[in-house]
Amino acid sequence: MAAESTELDQLQHAYKVAVENWVAAIRREESLASGDHSIAEIDTWEGASFEQQRAGDAAKEAKQAYEDALRKRFFNF
């Protein structure tokens with residue numbers, strides 16, 4: 001059972017880190033929305049949007065892995 005707890009702790013930690021990365025990416029994207037109105041600024045803002053989407057996908061994958069491990073431990077499926 002200790003090994004299961006260690007695995008769950010690691011998955012939980014990975015999920016929390018992924019969410020924090022996602023939040024940081026959202027904040028970066030938002031900060032770029034209030035810059036000057038140049039083409040370069042718009043390109044940077046769009047790039048930040050893609051980064052935010054990737055970070056969100058990573059957070060959702062980490063959440064799914066953690067939830068799957070919890071289901072396996074508590075419900076055996």
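Computed from a prediction, not measured in an experiment: that's the story for all the values here. Position 1 is the first residue of the sequence, and the numbers go up from there.
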S.K.: Could you give the distance from CD (E67) to NZ (K60), rounded to the nearest 0.5 Å?
M.R.: 12.5 Å

S.K.: Between CD1 of I26 and CD of E51, what distance do you get to the nearest 0.5 Å?
M.R.: 11.0 Å

S.K.: Which pair of non-hydrogen atoms, one from A62 and one from A18, has the smallest distance, and what is that distance?
M.R.: CB-CB, 4.1 Å

S.K.: Can you name the residues that form a salt bridge (charged side-chain N to carboxylate O under 4.0 Å, His left out) with E29, not counting sequence neighbours?
M.R.: none

S.K.: At what distance, to the nearest 0.5 angstrom, does CZ of R54 lie from OG of S49?
M.R.: 9.5 Å

S.K.: Are L32 and I39 co-members of a hydrophobic cluster defined by side-chain heavy atoms under 4.5 Å apart?
M.R.: no

S.K.: Which heavy atom of A25 sits nearest a heavy atom of A55, and at what distance?
M.R.: CB-CB, 4.1 Å

S.K.: Not counting sequence neighbours, which residues clear salt bridge (charged side-chain N to carboxylate O under 4.0 Å, His left out) with D57? List them please.
M.R.: none

S.K.: Determine, step by step, whether Q52 and W22 satisfy the side-chain contact (heavy atoms from CB on, under 4.5 Å) criterion, reporting the C-alpha distance in whole Å, the side-chain angles of both residues, the deciding distance to 0.1 Å, and the verdict.
M.R.: CA-CA 6 Å; Q52 181 274 129; W22 189 12; 2.8 Å; yes

S.K.: Report the distance from atom CH2 of W45 to atom CD of E30, rounding to the nearest 0.5 Å.
M.R.: 10.5 Å

S.K.: Taking C-beta and beyond as the side chain, do Y15 and Q12 meet within less than 4.5 Å on heavy atoms?
M.R.: no

S.K.: Measure the CZ-CG distance between F77 and D68 for me, rounded to the nearest 0.5 Å.
M.R.: 9.5 Å

